[in-house]
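Report on one structure; see the data block that follows.
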Amino acid sequence: MVDITAQEIERCAPLDGVRTASRTSGSRIGFEDVSVAYGGLTVLKSLTLTVHPGEIVALIGPSGSGKTTALRVVAGFVRPSSGRIMIGDRDVTDLAPYDRQIGMVVQNYALFPHMRVEDNVAFGLQAQGAPRDVIRQRVPECLAMVGMSAYGKRYPRELSGGQQQRVAIARALAPKPQVLLLDEPLSALDTQIRRAMIDEIAKLHHDLPDLTVLYVTHDQTEALTLANHIGIMRDGEMQAFGEAQALFRHPPTRFAAEFLGRANLLSVGGLTAAGPGEARVRFGGAELLARNPHNLPEGRDCLLCVRPHHMRFAGEGAVANALTGVVQSVQWQGDVHNITLTAEGESLRMTCVPMAVPPALGDQLRVCFDPSEVTLVPEDAPRG
Ligand SMILES: Nc1ncnc2c1ncn2[C@@H]1O[C@H](COP(=O)(O)OP(=O)(O)O)[C@@H](O)[C@H]1O
Ligand SMILES: [Mg+2]
């Protein structure tokens, strides 16, 4: 909710070239039971998280969930009220931002407006007292990494948003930081540029495999495309953490299922064990078979998570996991049809390839899904 500023970026420029020169090949970021409070209100609650060297971890979550605070505490802009921050094997909790060897990129670019692009990129190197010939070599190198070689003489105001963000990335990488912190770096850009930039960040990370990245976003596409692991934040707590695909396929909570990829969640009951890792549940009159990766116990009421793109038309014959619903809306979006159904009083969204003759509102539609693609999820524990 509170953005990181240009002044703060300035404060993480390393002042001491000797320490920067001792950079190891990649460094882990460790949160050890870290809490942060503002004026007595705890906004980050006992966060324990490791970002392994060379890995991208994305923190996603709604506005106000504590994502930026998590980055600020790694950068050293805010002190934890308890716990430790580690970078590599160093406890950096008490170090100033400029002693932490981090690079940072934020949503609003935070370039220095009075400096040309090349001076922005040179800033961190100059602050650490790098020799002039090192700067002369490194600045074009970094501009080339982000495809901005032709723009060194321009001022930030003469660049588009996407170009400014490329420069901000070049500026962050110029002093060869051990870790890169990205705070919603693409959320000020329009959709098409954002897609292109996701590809570029992925390529950049491929070219700099030792760089350890903590990437904050509220956009699931960015998180799923870029991150090895994803943490889902809610009200200052990490609600769920896991390998990106596993978290998407087998969300451990309702909140995780809804936040990462807008799942359909049906209230189901009467769980009975089926094959290994599978269970049967009741949904109205239907019996459904699903994955039970969280080992929910027999008899349990829970949610069945089915992604819109996993729902198919069932046809007439006997099919496993079939439901009948009534069509509530049909929307054509060029490359897909989105259909909303109600079944047993619950709403179900399905996405399918465009149809020449789509179903009409009020039609009865039989749909089904593969048991291996649907997952049982516990209801979130009551909060408060
Ligand atoms: N400097 C600050 N002073 C007081 N409260 C703050 C400050 N920075 C953030 N907060 C509060 O901490 C909570 C988490 O904020 P933040 O980490 O910015 O969330 P996010 O980045 O997920 O949107 C919010 O309730 C926000 O209002
Ligand atoms: Mg934020």
Side-chain angles (χ1 to χ4, degrees), residues 1-12 29-49 51 56-85 92-93 96-97 100 102-111 161 164-165 168-169 172 179-189 194 197-198 201 213-224 226-227 229-242 244 247 253 255-256 258-261 380 383-384:
M1 304 257 295
V2 178
D3 278 346
I4 289 157
T5 62
Q7 287 74 27
E8 286 177 325
I9 298 277
E10 204 168 342
R11 281 170 54 204
C12 42
I29 305 169
F31 294 79
E32 296 184 358
D33 206 10
V34 172
S35 294
V36 173
Y38 292 115
L41 186 69
T42 303
V43 300
L44 194 65
K45 298 168 189 166
S46 301
L47 178 62
T48 294
L49 167 69
V51 187
I56 302 184
V57 167
L59 290 182
I60 70 168
S63 182
S65 57
K67 306 179 300 294
T68 295
T69 302
L71 286 192
R72 293 171 70 96
V73 75
V74 176
F77 302 146
V78 60
R79 262 195 69 84
S81 46
S82 60
R84 301 200 296 173
I85 297 291
V92 300
T93 317
R100 296 189 182 201
I102 52 157
M104 191 139 190
V105 178
V106 299
Q107 177 180 344
N108 53 4
Y109 326 130
L111 294 176
Q164 289 189 54
Q165 202 54 307
I169 292 170
V179 305
L180 183 63
L181 308 177
L182 297 150
D183 191 4
E184 311 225 12
L186 308 184
S187 46
L189 306 177
R194 191 153 69 217
M197 288 288 290
I198 292 175
I201 292 174
V213 181
L214 187 57
Y215 190 109
V216 159
T217 178
H218 62 258
D219 182 279
Q220 57 143 350
T221 310
E222 289 171 34
L224 289 169
L226 293 170
H229 286 88
I230 297 175
I232 303 179
M233 302 289 294
R234 183 186 202 183
D235 293 343
E237 287 179 46
M238 197 159 67
Q239 262 246 333
F241 180 80
L247 201 61
T253 63
F255 186 73
E258 284 176 339
F259 203 84
L260 199 60
D380 293 351
R383 310 174 59 230

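In listed order, ligands and their atoms are each counted from 1. Model, not experiment: these values are computed from the prediction.
Listed by number with element, the atoms of ligand 1 under 4.0 angstrom from any heavy atom of Pro62 are 22 (O). Which parts of ligand 1 touch Thr69 is read off a 4.0 Å heavy-atom cut-off, strictly below it: atoms 14 (C), 15 (O), 16 (P), 17 (O). Here is the list of ligand 1 atoms found below 4.0 Å of a heavy atom in Ser65: 19 (O), 20 (P), 22 (O).
Comparing Ala70, Gly61, Gly64 against atom 14 (C) of ligand 1, the shortest heavy-atom distance belongs to Gly64.
Just one residue in the list Ile201, Val213, Ile102 forms a side chain to side chain contact (heavy atoms under 4.5 Å, CB included) with Leu180, and that residue is Val213.
Not a single N, O or S atom of Gln107, from either the backbone or the side chain, sits less than 2.8 Å from the Mg ion (ligand 2).
Contacts between Val43 and ligand 1 below 4.0 angstrom, taking non-hydrogen atoms only, involve the side chain exclusively.
A distance of 6.0 Å separates CD in Gln165 from CG in Leu189, rounded to the nearest 0.5 Å.
Scanning all heavy atoms of the two residues, the minimum distance from Leu247 to Ile230 falls at CD2-O, 3.4 Å.
Residues Tyr215 and Leu186 have side chains in contact (heavy-atom distance under 4.5 Å, counting atoms from C-beta outward). With contacts defined as side-chain heavy-atom distances shorter than 4.5 Å, the pair Phe31/Met238 does not qualify.
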